[in-house]
Amino acid sequence: MAIMRTHYASGITPDMNGDTVTVAGWVHEIRDLGGICFLVLRDREGFIQITMVKKKTDPDLFDAGRRLNRESVVLVTGVVKEANQAPNGYEIIPEILNMLSEAESPLPMDVTGKVGADIDTRLDSRFMDLRRRKMLAAFVIRHHTLKAVRDFLTGEGFIEIHTPKVVAAATEGGTALFPITYFNREAFLNQSPQLYKQIMMAAGFDRVCEIGAIFRAEEHDTLRHLNEATSIDIEASFADHFEVMGILERLIHDVYAHISRQCEPQLSALGIELSVPELPFRRLTYDDALDIAHQHGHDIEWGDDFGTAAERAIGGAVGEHYFIIDWPTDIKPYYTHPNDDDPRYSKSFDLMHPRMELASGSQRIHSHDLLRQRIAACGLDPDGFDFYLKAFRYGMPPHAGWGLGTERLVMTMLGVENIRDVVLFPRDRKRLSP
RNA sequence: GUCCGGAUAGUGUAGUGGCCUAGCAUGGAGCCCUGUCGAGGCUCCGCCCCGGGUUCAAAUCCCGGUCCGGGCGCCA
């Protein structure tokens, strides 16, 4: 028996009336009316009704069909028949029905959307959760988002690179790392490609990007944090922070425009009308943002980061994507370039969606001596950064870059509440499988 | 790290001391039904997280545990 599908469900149209086709997929629903029995078969692209009439269908086939378990995998060969009463105006009258894999019963969760399920239940049976149309739609959009990102950055002259995820030391200090054993040595999962993409500036690649996993061992427990996330990173030589901000806002605009054009079926499955944000995004200075926070009653000292509540107040006041620029140098990582005229401020920015931070970036320090000094000032040991600092000693161009959270980009675009719903198999503090 | 909340059939829920032999929906089994499209009708199946305590009486109150969800912090 050759397992050969001739059409996806969506590939069958009324003008194929009389054609013999083979479809394959999951038994979504069975409606047995006695003398007539409807099977709804689901595949990646849609649904197709299989109609069996007792008096016309082979008795063995009829009986096998009506006794199928929901979610079993079947291969059905039959004739397309135009039928006004059928869901899309057509159905398949089966001639051969092969059950390829019988689903056990009861199912661990409902796939049809009749009954909800808790996030924990859903993640425990994620493969089945992902059979739900809305989940598929979200991940198709995630795919097209990353494709749009790659196409855009390629067009801007970026070379995609892959840097090590197993590293010897912390990238930025601060964030907790996952320790692992590397043969007989201690190593860590990388929290960011930051140091490596900067080293690539010394390599003369000029513009690099990386889309890859980053790991944070923080024990946070929120709807917008993951311990394993996907970061979109760029680094560009002979550029300042304003130039890479321009790239970032055009990228966001471009992604929204692509998704709204190319993912209409998925957006409508999710009930979303996507509006493309207008360029340029507003630029708020840190001091401006601090004023807004103060106006909303948030008591934040100059030099402190905004808390979640203040961030939401500012986001609510702006109402669309915006940048916060000119951050105090001391709350940004050591590699952030201070302002030339007032070193208390830095050449840095965060890209904000009203709901949360999406990206942060800056012009980087390219002076070896200043960088070494800043590492020490941040309480880190410069000797641990030799492999990094070495790249700054033999010709390092001025450069700037940013890191953008893929999951946050997708979740804010789609209005998804829980970041876990835009990751296939999310890693959070509690969950290590599936 | 810290604070708050939760755990009842496979799934989602109702039930704050006796009216609970635990209700509802979905699901499963069986029967009826030739156009369903969240089909309908009838019958049946299946649940109070674990341990201890209070009480005449505990799903319900108390203590401990386990697991889960969420807020904040930190960050993307």
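Naming: A, B, ... by sequence-line order, numbering from 1 per chain.
Among the atoms of the strands shown, none is found under 4.0 Å from any heavy atom of A:Gly113. Across all strands shown, A:Leu409 has no heavy atoms under 4.0 Å from either base or sugar-phosphate atoms. Counting non-hydrogen atoms under 4.0 angstrom, A:Arg67 reaches the backbone sugars and phosphates but no base. Counting any heavy atom pair closer than 4.0 Å across all strands shown, A:Gly34 reaches a base atom. Residue A:Ile119 is in sugar-phosphate contact alone, with no base atom involved, counting any heavy-atom pair closer than 4.0 Å across all strands shown. If you check every strand for non-hydrogen atoms under 4.0 Å, A:Asp110 touches nothing. Within the nucleic acid shown, A:Ala309 has no heavy atom closer than 4.0 Å to any nucleic acid atom. Base engagement by A:Thr222 is indicated by at least one non-hydrogen atom pair under 4.0 Å involving a base atom. When heavy atoms are screened at a 4.0 angstrom cut-off, A:Pro87 is found touching base atoms of the nucleic acid. Residue contacts shown for A:Lys54 are absent, as no nucleic acid heavy atom lies under 4.0 Å away. Across all strands, A:Ser231 comes closer than 4.0 Å to no nucleic acid atom at all (heavy-atom distances).
For the C1' atom pair drawn from B:rA14 and B:rU26, the interatomic distance equals 15 Å after rounding to whole Å. Going from the C1' atom of B:rU34 to that of B:rA22 covers 41 Å, rounded to whole Å. Taking the P atom of each, B:rC42 and B:rA25 are spaced 11 Å apart, rounded to whole Å. Comparing the same atom, P, in B:rG51 and in B:rC75 gives a spacing of 44 Å after rounding to whole Å. Taking the P atom of each, B:rG52 and B:rG12 are spaced 28 Å apart, rounded to whole Å. Comparing B:rG65 with B:rG6, their C1' atoms are spaced 16 Å from each other, to the whole Å. Spacing of P atoms, B:rA76 relative to B:rG64, comes out at 38 Å, to the nearest Å. Look at the C1' atom in both B:rG28 and B:rU66: the space between them is 30 Å, to the nearest Å.
Considering only side-chain N and O atoms, A:Arg66 lies nowhere under 4.0 angstrom from the phosphate OP1 or OP2 of B:rG30. Taking 4.0 angstrom as the limit, A:Arg122 places none of its side-chain polar atoms (N or O) nearer than this to OP1 or OP2 of B:rG69. Residue A:Ser360 places no side-chain N or O under 4.0 Å from the OP1 or OP2 atom of B:rC75. Applying the 4.0 Å criterion to OP1 and OP2 of B:rG12, one finds that A:Lys114 has every side-chain N and O outside that range. Side-chain nitrogen and oxygen atoms of A:Arg408 include none within less than 4.0 Å of the OP1 or OP2 phosphate oxygen of B:rC75. At B:rG35, none of the side-chain N or O atoms of A:Thr51 fall inside 4.0 Å of OP1 or OP2 (strictly under the cut-off). The phosphate of B:rC74 (OP1 or OP2) has no side-chain N or O of A:Arg224 nearer than 4.0 angstrom.
Rounded to whole Å, the distance from CG on A:Asp118 to C1' on B:rG10 is 14 Å. To the nearest angstrom, P of B:rG30 lies 11 Å from CG of A:Asp32. Distance A:Met356 CE to B:rC74 C1': 15 Å, rounded to the nearest Å. Remark: P of B:rC37 and CG of A:Leu33 are 8 Å apart, rounded to the nearest angstrom. Between A:His220 atom NE2 and B:rG69 atom C1' the separation is 17 Å, expressed in whole Å. Atom CH2 in A:Trp327 sits roughly 10 Å away from atom P in B:rA76 (whole-Å rounding). One atom, CG of A:Leu351, and another, C1' of B:rC75, lie 15 Å apart when rounded to the nearest Å. Across the protein-nucleic acid pair, A:Phe215 atom CZ and B:rC74 atom P stand 24 Å apart, rounded to whole Å.
A donor-acceptor contact under 3.5 angstrom links the side-chain atoms of A:Arg216 to the base of B:rA76. Between the side chain of A:His225 and the base of B:rC74, at least one donor-acceptor pair of N or O atoms lies under 3.5 Å. Looking at A:Gln49, its side chain comes within 3.5 Å of the base of B:rU36 through a donor and an acceptor atom. Put simply, the side chain of A:Glu417 and the base of B:rG70 share no donor and acceptor less than 3.5 Å apart.
Classification of the A:Phe281-A:Phe323 ring pair by plane angle, with boundaries at 30° and 60°, yields tilted. Below 30°, between 30° and 60°, or above 60°: for A:Tyr196 and A:Phe387 the angle between ring planes is between 30° and 60°, a tilted geometry. By the 30° and 60° cut-offs, the orientation of the rings of A:Trp302 relative to A:Tyr286 is perpendicular.
B:rA76 makes up no base pair with any nucleotide shown, lacking Watson-Crick or G-U wobble contacts both under 3.5 Å. Base pairing annotation: B:rU36 forms no Watson-Crick or G-U wobble pair, as no partner gives both donor-acceptor distances under 3.5 Å. Nucleotide B:rU66 forms a Watson-Crick or G-U wobble pair with B:rA7, both donor-acceptor distances falling under 3.5 Å. As the counterpart of B:rC56, B:rG18 is assigned, both hydrogen-bonding distances of the Watson-Crick or G-U wobble pattern falling under 3.5 Å. Base pairing analysis places B:rG27 opposite B:rC45; the two distances defining the Watson-Crick or G-U wobble pair are each below 3.5 Å.
Side-chain contact between A:Val276 and A:His253 is present, with heavy atoms from C-beta onward closer than 4.5 Å.
Closest to the side chain of A:Asn418, from the set B:rG70, B:rG28, B:rA76, is B:rG70. In the set B:rA76, B:rG35, B:rG12, the nucleotide with an atom closest to the side chain of A:Ala83 is B:rG35. Distances were taken from every side-chain heavy atom of A:Thr308 (C-beta onward) to each of B:rC72, B:rU2, B:rG28; the shortest belongs to B:rC72. Proximity note for A:Gln85 (side chain, C-beta onward) versus B:rC75, B:rC37, B:rG73: the nearest is B:rC37. Nearest nucleotide to the side chain of A:Leu223, out of B:rG71, B:rU2, B:rG28: B:rG71.
For A:Tyr335 and A:Phe385, the gap between ring centers reaches or exceeds 6.0 Å.
Relative to the six-membered ring of A:Phe47, A:Arg133 meets both conditions, a distance below 6.0 Å and an angle of at most 45° to the axis.
A donor-acceptor pair is defined here as one N or O able to donate and one able to accept, closer than 3.5 Å; no such pair exists between the side chain of A:Glu311 and the backbone of A:Met356.
Taking for each of A:Arg312 and A:Ala229 the nucleotide of RNA chain B with the nearest heavy atom, the 5'-most of the two is the partner of A:Arg312. With the nearest nucleotide of RNA chain B identified for both A:Leu107 and A:Phe38, A:Leu107 has the one nearer the 5' end.
To the nearest 0.5 Å, the span separating CZ on A:Arg224 from NE2 on A:His353 amounts to 13.5 Å.
Minimum interatomic distance between A:Pro94 and A:Met52 (heavy atoms only, all atoms of both residues): CG-CG, 3.6 Å. Scanning both residues, A:Ile141 and A:Cys263, for their nearest heavy atoms gives CG1-CB, 3.9 Å.
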